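Written below as structure tokens is the structure these notes are about.
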Amino acid sequence: MYTIPIILGSTREGRLSSRVATFIERKLRATGRVNPEILDLEQLALPMLEERLRFLKDPPASVVRFGSAIAASDAFVIVSPEYSGSYPGVLKNAIDYLQAEYKRKPVGIVTVSGGNFGGISALAQLRLLALTIGAYPIPSGFPVSRVGESFAEDGTATDASYEKRADGWIGELLWLTEAVADKQAKDVAGLVA
Ligand SMILES: Cc1cc2nc3c(=O)[nH]c(=O)nc-3n(C[C@H](O)[C@H](O)[C@H](O)COP(=O)(O)O)c2cc1C
């Protein structure tokens, strides 16, 4: 089983990206190969960063929880709305708390827009961010357009094409997750041999 948390980067009152996070969580769980968990930045309410987690003497419980979840992960997913042609500041604030926890972790990027373009500007920038923090973004993005019409409140895809797209995208995420996990297991076996 792979541990794959989903960082939900929308904290807006009345947000819609949570629908997509719920959908992805359900699809990951349905593979039978993944323990998914939504790390909801609205619920976590991480304080504005004053220092990275590893340098904090008395870190807030929410930051420790976020850090532990990413540290224990085999891969992670980011679900981000597109705001002003980019990803939200609250998401960057969360990402900046950690460093080594992301290294060599596959990351799947899901971007959400109320309009027609699926948040592809945010997707491009999140790929760069992922590379900068030492994670491995999978080549395919998962852009969601017209989220209000495409997903119901309970996370059901009302536009059925998202089911098929998600299957392919999750297949790619799990392919890379397995490859990296196998390599890491070999490295560990080499260390103890
Ligand atoms: C501050 C702000 C800026 C936004 N900028 C964009 C944008 O640049 N491109 C876009 O497609 N949608 C933009 N939107 C609309 C979002 O795509 C829309 O709110 C969508 O439902 C996903 O975000 P949510 O999780 O906040 O609902 C913006 C919304 C807000 C609140």
Side-chain angles (χ1 to χ4, degrees), residues 4-30 34 36-49 62-63 65-66 69-70 73 75-98 102 105-133 135 137-170 172-173:
I4 305 187
I6 300 159
I7 303 172
L8 170 54
S10 175
T11 57
R12 186 178 67 83
E13 211 181 308
R15 63 191 176 169
L16 300 179
S17 299
S18 47
R19 299 180 179 191
V20 182
T22 303
F23 169 76
I24 295 290
E25 182 190 29
R26 191 180 301 143
K27 294 290 282 183
L28 285 173
R29 199 180 300 286
V34 178
E37 174 199 18
I38 295 178
L39 298 175
D40 180 350
L41 296 187
E42 200 271 323
Q43 279 173 17
L44 280 171
L46 307 179
M48 286 291 278
L49 182 137
S62 58
V63 179
R65 161 134 174 62
F66 180 68
I70 300 297
S73 69
F76 60 103
V77 169
I78 296 173
V79 175
S80 173
E82 178 169 299
Y83 287 170
S84 309
S86 184
Y87 48 84
V90 72
L91 176 59
K92 184 65 161 55
N93 185 62
I95 296 286
D96 286 344
Y97 269 107
L98 312 178
Y102 305 116
K105 302 258 171 96
V107 54
I109 301 170
V110 178
T111 49
V112 183
S113 169
N116 285 326
F117 298 107
I120 51 168
S121 295
L123 172 61
Q125 293 172 48
L126 281 164
R127 281 183 171 138
L128 288 178
L129 176 62
L131 290 170
T132 303
I133 61 177
I138 61 167
S140 294
F142 193 87
V144 172
S145 301
R146 295 182 299 281
V147 58
E149 300 157 39
S150 305
F151 288 87
E153 254 177 68
D154 67 356
T156 305
T158 40
D159 176 343
S161 69
Y162 283 102
E163 287 286 345
K164 200 160 173 245
R165 274 178 51 198
D167 290 338
W169 182 82
I170 285 171
E172 201 183 317
L173 177 64

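When a ligand or atom number is given, it counts from 1 through the structure's own listing order. Predicted model only: the values in this text are computed from it and were never measured. Along the sequence shown, residues are numbered consecutively beginning with 1.
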Gap separating the CD1 atom of Ile4 from the CG atom of Leu173, nearest 0.5 angstrom: 4.5 Å

Spacing of CG belonging to Leu46 relative to OG belonging to Ser62, to within rounding of 0.5 Å: 5.0 Å

Proximal atoms of ligand 1 relative to Val147 (non-hydrogen, under 4.0 Å): 21 (O)

Per-atom contacts of ligand 1 with Arg15, taking only distances under 4.0 Å to non-hydrogen atoms: 25 (O), 27 (O)

Residues Glu82, Leu123; criterion side chain to side chain contact (heavy atoms under 4.5 Å, CB included); working and verdict: CA-CA 8 Å; Glu82 178 169 299; Leu123 172 61; over 6 Å; no

4.0 Å heavy-atom contact, Gly119 with ligand 1: no

Closest protein heavy atom to [atom], given as residue, atom name and distance to 0.1 Å:
| atom | result |
| --- | --- |
| atom 26 (O) of ligand 1 | Tyr83 OH, 2.4 Å |
| atom 5 (N) of ligand 1 | Ser84 N, 2.8 Å |
| atom 9 (N) of ligand 1 | Glu82 OE2, 3.0 Å |
| atom 11 (O) of ligand 1 | Ser113 OG, 2.7 Å |
| atom 23 (O) of ligand 1 | Pro81 CB, 3.1 Å |
| atom 8 (O) of ligand 1 | Gly85 N, 2.8 Å |

Ligand 1 and [X], any nitrogen or oxygen pair closer than 3.5 angstrom?
| X | value |
| --- | --- |
| Leu16 | yes |
| Ser10 | yes |
| Gly115 | no |
| Gly114 | yes |

Option from Phe151, Trp169, Tyr162 for which ring pair (Phe, Tyr, Trp, His ring centres under 6.0 Å) with Phe23 holds: Phe151

Verdict with supporting geometry, Glu149 and Thr158, side chain to side chain contact (heavy atoms under 4.5 Å, CB included): CA-CA 7 Å; Glu149 300 157 39; Thr158 40; 5.8 Å; no

Does the side chain of [X] reach to within under 4.5 Å of the side chain of [Y], using non-hydrogen atoms?
| X | Y | answer |
| --- | --- | --- |
| Ile133 | Val107 | no |
| Val144 | Val79 | no |
| Ser18 | Arg12 | no |
| Pro81 | Arg15 | no |

Gln125/Ser86 under side-chain hydrogen bond (donor to acceptor under 3.5 Å, both in side chains): CA gap, chis, key distance, verdict: CA-CA 7 Å; Gln125 293 172 48; Ser86 184; 2.8 Å; yes

Residue portion contacting ligand 1 (non-hydrogen atoms closer than 4.0 Å) for Arg12: side chain

Under-4.0 Å heavy-atom contact with ligand 1, by part of Ser17 that carries it: both

